[in-house]
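Working notes, structure below.
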Amino acid sequence: MKLSRLTALIGKEIVEGLRAGWANIPAIAVLTVLLLAAPMGTARRSLSPEALALLMARLPVFLPLLAMPFYASAVLSRAIQTERLRGGLLPLLIYGGSPAEVWLGKVLGAFSLAYLVMLLSLGGYAGYGAWLGRDYAPAVSALPYVLIAMPIAALSLIALQALLFWVMGRSALLSVVVPIVVMFGGAQLVVLLGLRPVSASGAAVAVLASCAVVAASTMVVARYPRERAAGLVMR
Amino acid sequence: MRTEAVVEANAISRRFGRTQALDAVSFRIGRGEIAGYIGPNGSGKTTTMRAMLGLVRLDAGELRIFGRDVRSEFAAIGPHLGAVFDQHALHPDLTVRETLDLYARLLGTPGDRRRRVDDVIEAMGLGERAGTRAKKLSKGLAQRLAFGRAIVHSPALLLLDEPFDGIDTETHRHLRDLLRQLARQGTSIFLTSHDLHEVDQLASRVVILDRGRVVAAGTPAQLKGDAAAAGVSVRFQEPVTAAEVHAALAGVAGRQDIEIEAGGLQATIHPVAGVPVDAVATRLIAAGLRVRQFQPLESTLEDAYFAHLYDVTAKESR
């Protein structure tokens with residue numbers, strides 16, 4: 001794998017993602033804030049006010065797990081499914097780079113844009129807390145989790161979506177189903193995790209597991225036939 | 001003289017289900033040669049191109065490019081190929097310059113990359129559109145960009161699938177001149193097209209394909225020479241009427257295939273398929289028409305193409 005090719009491919013995905021889906025960035029940031037704010041309503045009856053306040057304060061730590069895969073699903077759907085339909089994957093796969101480079105370029109391009117969405121969501125959630133008169137901004141001690149560990153953990157979810165889009169061929173249904181599953185599954189995951197205190201060892205395990213998932217997915221892509229990835233119809 | 005082989009296909013075969021897409025196809029392309037690959041839809045042109053791009057596994061035979069096996073050594077071959085596909089396959093949200101720069105970066109263009117990109121933009125006549133996104137280009141300009149992308153890294157072999165399909169006359173001419181120039185500089189070109197006139201003008205070697213089989217191959221001159229003349233020009237000693245000629249040629253040429261010119265002193269006649277032009281002369285003389293000159297019309301690549309395809313069909317129906 002050549003770094004110069006990979007950076008060129010990541011740059012391409014970022015430029016295309018910003019131009020084609022710039023409106024999605026604030027929209028998904030707002031939606032993420034709304035999803036995070038939902039426990040205020042749903043858990044109010046079952047949790048004590050103290051537990052609820054604790055949950056709401058902890059949620060930003062897990063915000064990357066919700067915001068990043070959700071946004072990435074929209075980016076990857078266009079970057080893989082739509083590009084395949086338009087034939088754009090073909091030249092990339094023939095002489096743009098190896099399939100693994102092309103795929104990883106898309107994953108890391110989507111990751112970069114999703115990171116931006118995550119930062120916007122974080123700011124939005126802190127602003128929402130301020131509006132309620134509460135401090136929902138993550139504590140300084142939690143920043144390494146929010147800005148590094150959880151985004152890396154989210155990378156595995158992004159990679160798995162990209163793998164699904166890569167091997168599923170021309171499936172329009174997939175482009176609709178995956179974001180919905182990610183949105184609701186992510187919201188549930190965040191609420192579930194938000195009730196537990198985050199630990200350094202837990203974060204380390206999540207980071208390592210995520211790296212392993214990305215590496216395994218890359219190997220699957222490297223072995224997947226180029227002609228299928230390019231969407232060529234074999235008679 | 002045989003030039004150094006850039007592409008060598010030896011009895012390559014591929015079947016998709018019940019369809020034999022390629023049936024023991026053999027051909028070679030030398031350095032700086034433009035090879036025209038023609039045939040009806042479904043004859044195996046695109047499958048051949050895909051095989052050369054390592055996108056189709058062959059059931060049998062051997063396909064080598066630059067002396068390397070396409071399937072097992074494609075990673076070494078790919079960077080030296082350029083391809084234009086039957087659809088533009090561009091990235092709609094990248095500008096002309098960004099598209100060319102991306103591929104120049106991916107393929108490691110020798111020398112100054114920016115200068116090379118500028119040169120290609122200039123060569124493709126896209127200077128005024130360098131900052132325009134691909135999705136806003138007209139079909140002709142998009143095809144120019146697709147060509148530019150294919151040559152930005154100065155490939156040794158260019159593969160073109162229907163490159164002139166649906167483009168304007170100006171772009172057509174521009175691309176034709178560009179291909180000639182590239183071939184002079186040593187780039188080998190594999191060209192599939194339904195535009196036989198274009199292939200005749202450009203190609204130094206032509207392969208005619210039908211239902212996955214090579215039915216004829218050679219230089220355009222050889223193929224045209226092989227084909228029986230598709231028509232004759234006849235000059236008469238005294239004026240004849242259309243009715244006399246039609247009556248003389250009943251069963252040999254239809255009314256729509258006979259044109260009477262010069263006040264009845266001349267006629268251009270296209271006999272029905274399978275009838276030799278000599279039969280026209282025999283019938284006219286037998287009918288008492290006084291023939292002064294009998295000149296078989298020079299056959300075109302289109303005549304050769306249909307003659308070979310007709311020949312195959314006729315042999316199979318026997």
Side-chain angles (χ1 to χ4, degrees), chain A residues 1-24 75 78-106 109 113 222-235, chain B residues 14-21 42 44 46-47 49-57 71 74-95 98-99 101-108 113 133-135 142 145-146 149-150 152-153 155 157 159 161 212:
Chain A
M1 195 166 295
K2 215 172 166 184
L3 193 61
S4 60
R5 273 208 296 259
L6 190 57
T7 52
L9 288 163
I10 293 170
K12 168 199 171 280
E13 298 304 332
I14 292 174
V15 168
E16 285 191 309
L18 284 173
R19 285 183 186 159
W22 60 269
N24 289 342
V75 175
R78 181 198 51 73
I80 299 175
Q81 295 268 12
T82 310
E83 189 162 68
R84 176 185 288 141
L85 282 172
R86 289 176 175 156
L89 264 183
L90 192 58
L92 285 177
L93 287 168
I94 287 169
Y95 47 76
S98 68
E101 284 172 333
V102 174
W103 179 82
L104 208 52
K106 291 184 181 299
L113 291 169
R223 289 168 179 270
Y224 193 73
R226 283 186 308 139
E227 61 270 28
R228 287 197 191 168
L232 294 181
V233 180
M234 294 289 112
R235 289 165 296 163
Chain B
R14 174 67 211 231
R15 173 180 282 276
F16 296 113
R18 290 181 173 182
T19 309
Q20 188 70 46
T46 300
T47 304
M49 179 160 156
R50 287 179 180 176
M52 292 165 78
L53 291 168
L55 296 169
V56 170
R57 285 175 199 277
R71 197 69 206 184
F74 188 80
I77 297 168
H80 304 288
L81 297 182
V84 176
F85 309 97
D86 53 353
Q87 55 183 133
H88 303 309
L90 296 171
H91 308 292
D93 287 299
L94 295 187
T95 66
E98 286 166 347
T99 302
D101 190 59
L102 170 69
Y103 281 86
R105 287 178 71 187
L106 292 173
L107 293 157
R113 192 181 81 230
R133 291 192 205 178
K135 67 181 175 190
L145 177 55
R149 177 179 61 187
V152 73
H153 55 302
L157 175 63
L159 306 174
D161 193 8

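Protein chains get the first letters and strands the later ones, always in sequence-line order, with residue 1 at the start of each. The basis for the numbers below is simple: all heavy atoms, side chains too, and nothing from hydrogens, waters or symmetry mates. These figures come from a predicted structure and were not determined experimentally.
Counting heavy-atom pairs closer than 4.5 Å to chain B, the top residue among A:S98, A:G87, A:P91 is A:P91. Counting heavy-atom pairs closer than 4.5 Å to chain A, the top-ranked of the candidates B:D101, B:L106, B:L107 is B:L106. Contact count against chain A (heavy-atom pairs under 4.5 Å) is highest for B:D93 among B:D93, B:T99, B:L102. By number of non-hydrogen pairs under 4.5 angstrom with chain A, the leading residue of B:A75, B:P79, B:P92 is B:P92. Counting heavy-atom pairs under 4.5 Å between each of B:K135, B:E98, B:H153 and chain A puts B:E98 at the top. The most heavy-atom pairs under 4.5 Å with chain B, out of A:P225, A:A20, A:G11, come from A:A20.
The backbone N or O of A:K2 sits less than 3.5 Å from a side-chain atom of A:E101, completing a donor-acceptor pair. In this structure, the side chain of A:R226 engages the main chain of A:L93 through a donor-acceptor pair within 3.5 Å.
For A:L92, the parts lying under 4.5 angstrom from a heavy atom of chain B are both the backbone and the side chain. Residue B:R18 does not touch chain A at all, counting heavy-atom pairs closer than 4.5 Å. Using a 4.5 Å cut-off between heavy atoms, B:L53 touches chain A through backbone and side chain atoms alike. For chain A, no part of B:T46 is nearby; none of its heavy atoms comes within less than 4.5 Å.
Using a 4.5 Å cut-off on side-chain heavy atoms (C-beta onward), B:L55 and A:L90 make contact. A:K106 has its side chain within reach of A:K12: a pair of non-hydrogen atoms, C-beta onward, lies under 4.5 Å apart.
Taking CG of B:L145 as the start and CG of B:L94 as the end, the distance is 9.5 Å to the nearest 0.5 Å.
The minimum heavy-atom distance between A:I94 and B:F74, with the atom names listed, is O-CE2, 3.4 Å.
The side-chain contact (heavy atoms from CB on, under 4.5 Å) check on A:T82 picks up A:R78, A:R86, with sequence neighbours excluded.
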